[in-house]
Amino acid sequence: MGAPSGDDLLRLYELMVESRAFDDACMDLLAAGEEVPHFHSGAGQEALSIGSVAMLRPTDEIVYTHRGYAHLLAKGVPLATIAADMFYRRGGTNGARGGVMHVSRPDLGVPGREGVFGTRFGLAAGLALAHSLRGDDGVAVCFYGEAAGARGPLYEALNMAVLWNLPVVFVAENNGWSVNSRTEWLFPGGRMSTVWSGFGIPVTEVDGNDLTAVSSATARAVSRARAGGGPSVIEGLTYRLHPHIWWDDASYVPARELQAWWEKDPIPRQRRVLEEEGMAADRLDDVERRARNRVAETIEAVRGAPFVEWDLEVGVEGVR
Amino acid sequence: MGAPSGDDLLRLYELMVESRAFDDACMDLLAAGEEVPHFHSGAGQEALSIGSVAMLRPTDEIVYTHRGYAHLLAKGVPLATIAADMFYRRGGTNGARGGVMHVSRPDLGVPGREGVFGTRFGLAAGLALAHSLRGDDGVAVCFYGEAAGARGPLYEALNMAVLWNLPVVFVAENNGWSVNSRTEWLFPGGRMSTVWSGFGIPVTEVDGNDLTAVSSATARAVSRARAGGGPSVIEGLTYRLHPHIWWDDASYVPARELQAWWEKDPIPRQRRVLEEEGMAADRLDDVERRARNRVAETIEAVRGAPFVEWDLEVGVEGVR
Amino acid sequence: MSTTVERRVRTVRESLASTLGEAMAADESMVLLGETVRAGGAQGVARGLYERFGPSRVIETPVSENGIFGAALGLALSGFRPVVEIYSADFLLAVANEIVNDIAKWRIQHGQPGAQLPVLIRGCMGATAGLGPEHSQSMEPFFFHSPGLQICVPSTLENAPALLDAALESRQPTLFLEHRKVYELQGSGTPEPRPAAEPGTAEVVRVGTDLTMVAWGWMRTEAEAACATLAEHGVTVELVDPRWIRPFDYATVVNSVAKTGRLLVLEEAFITGGIGAEILARVTEAFPGRALVATRVAMPDVIHPYHAEMERQILPTAADAVHAALRLVRNQDES
Amino acid sequence: MSTTVERRVRTVRESLASTLGEAMAADESMVLLGETVRAGGAQGVARGLYERFGPSRVIETPVSENGIFGAALGLALSGFRPVVEIYSADFLLAVANEIVNDIAKWRIQHGQPGAQLPVLIRGCMGATAGLGPEHSQSMEPFFFHSPGLQICVPSTLENAPALLDAALESRQPTLFLEHRKVYELQGSGTPEPRPAAEPGTAEVVRVGTDLTMVAWGWMRTEAEAACATLAEHGVTVELVDPRWIRPFDYATVVNSVAKTGRLLVLEEAFITGGIGAEILARVTEAFPGRALVATRVAMPDVIHPYHAEMERQILPTAADAVHAALRLVRNQDES
Ligand SMILES: Cc1ncc(C[n+]2csc(CCOP(=O)(O)OP(=O)(O)O)c2C)c(N)n1
Ligand SMILES: Cc1ncc(C[n+]2csc(CCOP(=O)(O)OP(=O)(O)O)c2C)c(N)n1
Ligand SMILES: [Mg+2]
Ligand SMILES: [Mg+2]
């Protein structure tokens, strides 16, 4: 699949709006004093998540992040599933054992997520190795932020991926922060991926708020991997528009910087792109309205649904 | 200190001969059916170990390897100490608790060695950080082979070293093998350090059997670090001339390849260099003879010395 | 996070922060490293320290646990006294090799059994409500088997500063494990004389004759509630808070059981392979041929579910302790 | 390494190699990964497998333990059955996070409690003579506290292949810990019917009435020698080899102690926080108010010194077991 156009672009825009609507709804619930367990806003990063994941096939896998709603939606996981996991309602994937931090849909290429950052890299290499051993043309895509990106297993996995020419793409989400630490405090020059150019593989820096740039870069990396060209790294420059998590007041974020990034918000930006391409404003309005309504209805339905019932013997037990 | 010349070169040659003589003596003991606990021959790698360590001051530290006799000698640890640790005789550094695998002489810049590879990298960064925090001009040099070189902590430590501009030099000992695995099976293109050029720091590949090339490269990297120029990486290409350890028959080593590397043995090679520079053959003979005699006498003395006595209560206990 | 203006009421969190600050002020060789420490660390225990001591004493690190712990070892070997914060103690498993194989063994392996190696590792642990299996575990059992390592678990506003002092003073590799719920415990901020809290010394919290109860960390609070209820049932409990998990003050427990003949260990960790197992074993070994009643109340061997309500049903509580204690006292002769 | 021409005499090492080869031949989805596995692995257990199955089934890896274990998880989630060799089990501490937090919990955390996750982790462990503190440890206690993980320790030529079969068959995350000295145990190579060795089933090696002895791995051999000596002293021992450390067959031990009233656990690991603690605790809990005599013989809480002679003085042996058993039997009433 090359970079999307026409109706495909509209579909991606709809996903972005849907993801943001979910995000906004969660922010609203929090503001109203409700519990939104383990919600980490992904607002501002939708172009990067969706632009990349949408380039994949169902048989490709993703390893997503703790702000993974957009990734999951783009991979085909229904919002109702994500919300059910989040609010511990029936209809989720893990029966309240992993919540929204451990959504999995192996059938859609979502094997799950690790919480102590690092394992994801070898895991993605293993998923890619499986494709390679089976001789199919699947690709694994591994997302990671500044935190995981400073962990050694990334080097180990990349070395294996280059050595074995694995079909895996690593996507660094450079969003300015790791909790309250600036990217510049964690990586020389504030860049997470330049070091990997030393492997002689493609390392691409993209404007992570530019849906088209992201999808082109990902499409290139993924087709390369699919065709046996081996691994590559993409670093998307974006920004975390909301605090790390609900208890964070984000007082450390400079107001002007934040403001500047709100102005680069990928959603209005993508709307402008679509309008410039000739998409009618009312068609876009309509898409937005439908997406927002769908999200509102889904959340209401999920929150009105019964909680997961659990049998402690079965529900939370280990092997023994 | 720049690259050595004249008498300095002769001193380094003497160290090389001394190290090799120790190595040969251990091989002879093994051949005679004696136990030489944890002996890992360093034969063939003396130019790399000695050429680099000799560029350091006593206040600089090294983190050496399991074939570290040459490193230790060059850092000023007496052979008698190393041998005493190896044969569990009095006069060693660790009273038979760590044997030759854990020789330490903090006063000489030898804090010790880890056995499960990986920690050495952060450790070296920590030693360098200490210099940096104290504001002195010491440098830490971390040696590692193909095994440790594929471990993630190397990336973590390098990232910190670049980020904090630490005075640390990483020296990769590419000696063709990790036990019975070829370097090419473990690193893309059989090179351990090219990836690190992505950090934008100096990454130098040197002929590890060329004493002068090694010392020049190290001198450069060390003075850079000392002057506040930050970390760098050196990869020395060399060869493990003997099996991994006594129980290894090295049947996997192609005879012709081994032969070719014996012909590049750094010791006769360095002798030729010295002769070409006008050093008299009988002076070199004399240096060799004295070094070999000294080693023979030391080993005999050490092996004739009493074993370490230990008090189990004190000698091997943990904190409790 | 609880920075109150009213300085008389303090939390354990604040008391740890000020103790750490005092220690750093008293010794320039003490440095703090970890993730987000510049802004106070994962739990606010480093709050204000960056502003006070600057970037060469409070070192913000990348999320590179292996690199950080290796560097802490290097710093300690260079004469510094590193305090390393782990973002959540569950993540200590990512540096188990550095801790168990390197830091704990270093001195012995290198022939310096009496030497100091002042690496203090601290961070939050324990279950609150729905943080899931990777941010809730009680970590002392995973490191209990490691020779050369000290493990300390503060439990009250009174003992937390004293224990942190003692851990730092010992200049030995120490895991200092701060329970998330213990952070919130409050008390009078009036400076009290700090009780002795040397490594390996337990505190007898309450004297009693019917049953010995052992609990630490957050479980001490549950145990105190249980003791109050049991008192209403006419059962007097001797409550021991070991405070130090390694070295562990078995003698105090054994002496108490010599008197009571009954032992209950209340532990938050998974039951199998927990600290309670060792305590029961030591007590059993101490009284060969004597009839004992001893048991543990702990978490079943299951992962912490994310759903707080599910989790609440499996975490050990005061009520579980009361139940078990009454069974021990009443049904002792049933077997 | 012991490749003998005479095929009648086999070692445990050879039996594990051939069992692994059979399993790989029977299921194409089984792959072996690790360091030096191409040349047979650290201990020769993979000998011949590369030649037989080729590079896509026997995957030589860089020395990247975190990458390898992550990849094993990825392979298992993709329908493969990875067998991962660790060069020495002490190094499992470098991947403790992957094992405990990821591999063991994955299914539960992701809502698939009954699902399979066939990751078999195997490698050598245990003290031989002077391999030092980083290549000698008994690793089961470090992982015993991990819900979702199986741990198996073969001890004889008879049970090693059956246990490896059962571990593979279970398709659950399993640590299979091969003691270095057990590798050398020999026996008749005549194919014997493999005894059942399901996870969680102990073997009663010897029936007796005076004392229950529990031992596994290399300690089973020491225990058998001890039992022979004790028999000469008129003491009949019931010897239980649990084989599976997790799940552990407490019932078999408890039933035996119900008969003998005396328990001795012989364990190679450091005493504190070892498996023996849990066994004593379970037995104590099983007999409230009944007079028991129970103790452990294990390694003191010290690191393994490099000098073999020093090490020999601290490793638990048959003689230590005899000594402790006689004390239990004779001095039971002294207290
Ligand atoms: C190994 C490890 N160390 C620390 C953490 C704690 N932690 C959770 S989220 C987070 C910050 C994440 O930052 P980043 O990776 O940049 O992702 P973002 O939140 O910006 O999307 C940290 C440090 C962790 N989960 N795992
Ligand atoms: C983390 C870790 N994995 C594996 C080993 C086992 N091991 C000991 S020596 C060795 C090979 C060393 O090879 P290399 O690093 O190339 O050094 P060389 O022997 O060639 O000098 C290995 C794999 C170890 N010590 N630590
Ligand atoms: Mg980030
Ligand atoms: Mg090598």
Side-chain angles (χ1 to χ4, degrees), chain B residues 35 37-38 85-89 92 94-102 113-119 144-155 177-183 185-188 192 244 247-252 307-320, chain D residues 1 34-44 46 50 55 59-70 86-98 128-137 270-272 299-315:
Chain B
E35 269 189 43
H38 299 279
D85 271 335
M86 177 180 269
F87 294 107
Y88 307 126
R89 297 314 204 275
N94 60 48
R97 295 174 205 98
V100 78
M101 305 305 280
H102 294 282
R113 187 190 150 269
E114 107 278 42
V116 187
F117 301 150
T119 308
Y144 63 100
E146 285 88 343
R151 294 227 50 227
L154 172 54
Y155 165 57
W177 300 97
S178 171
V179 192
N180 47 37
S181 311
R182 280 200 168 278
T183 312
W185 303 349
L186 310 177
F187 297 91
M192 301 166 63
H244 174 63
W247 48 254
D248 175 18
D249 65 7
S251 55
Y252 50 86
F307 276 97
V308 162
E309 271 172 29
W310 59 88
D311 172 348
L312 280 178
E313 293 301 305
V314 175
V316 291
E317 79 176 0
V319 171
R320 313 284 136 177
Chain D
M1 317 265 159
E35 299 154 16
T36 74
V37 293
R38 184 164 159 167
Q43 295 284 341
Y50 181 82
I59 302 172
E60 173 79 19
T61 67
V63 179
S64 300
E65 280 80 4
N66 302 94
I68 300 167
F69 279 68
I86 187 89
Y87 201 85
S88 175
D90 309 67
F91 310 169
L92 289 172
L93 290 171
V95 282
N97 183 58
E98 283 80 354
T128 39
L131 288 184
E134 294 146 326
H135 296 75
S136 301
Q137 291 163 103
F270 311 127
I271 189 161
T272 297
M299 185 169 148
D301 294 333
V302 304
I303 72 169
H304 295 80
Y306 270 80
H307 192 175
E309 189 46 47
M310 277 171 98
E311 188 187 40
R312 220 165 282 141
Q313 295 188 23
I314 54 177
L315 289 177

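Remember, it's a predicted structure, so these values are computed and weren't measured experimentally. To find a chain, count down the sequence lines: A is the first, B the second, and so on, and within it residues start at 1.
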Distance in Å, D:Arg38 CZ paired with B:Asn180 CG, rounded so as to fall on 0.5 Å steps: 10.0 Å
Bottom line for D:Leu131: the part with an atom under 4.5 Å from chain B's heavy atoms is both
For the student: nearest non-hydrogen atoms of B:Arg151 and D:Val63, plus distance: CG-O, 3.0 Å
Counting only heavy atoms closer than 4.5 Å, note whether D:Tyr87 contacts chain B via side chain, backbone, both or neither. side chain
Show your working on side chain to side chain contact (heavy atoms under 4.5 Å, CB included) between D:Tyr306 and B:Asn94 and close with a plain yes or no. CA-CA 10 Å; D:Tyr306 270 80; B:Asn94 60 48; over 6 Å; no
In short, D:Met310 meets B:Ala96 closest at the heavy-atom pair SD-CB, 3.6 Å
Just checking B:Glu35: does its CD atom have more than 12 heavy atoms from other residues, nucleotides or ligands closer to it than 6.0 angstrom? no
Point-to-point distance, once rounded to the nearest 0.5 Å, from OG1 of D:Thr36 to CH2 of B:Trp177: 12.5 Å
Specify the closest pair of heavy atoms between B:Ala150 and D:Pro62, including all atoms of both residues, with the distance to one decimal. CB-CB, 3.7 Å
Counting only heavy atoms closer than 4.5 Å, note whether D:Ser88 contacts chain B via side chain, backbone, both or neither. neither
Heavy-atom distance under 4.5 Å between the side chains of B:Val116 and D:His135, does that happen here? no
At a heavy-atom separation under 4.5 Å, does B:Phe307 approach chain D through its side chain, its backbone, both, or neither? side chain
Which residues satisfy the side-chain hydrogen bond (donor to acceptor under 3.5 Å, both in side chains) test with D:Glu311, sequence neighbours excluded? none
Got a sec, which residues hit salt bridge (Lys or Arg N to Asp or Glu O under 4.0 Å) with D:Glu98, two or more places apart in sequence or on another chain? none
Using a 4.5 angstrom heavy-atom cutoff, name the option from B:Ser181, B:Gly99, B:Gly98 with the most pairs to chain D. B:Gly98
Are any of the side-chain heavy atoms of B:His102 and D:Glu134 separated by less than 4.5 Å? yes
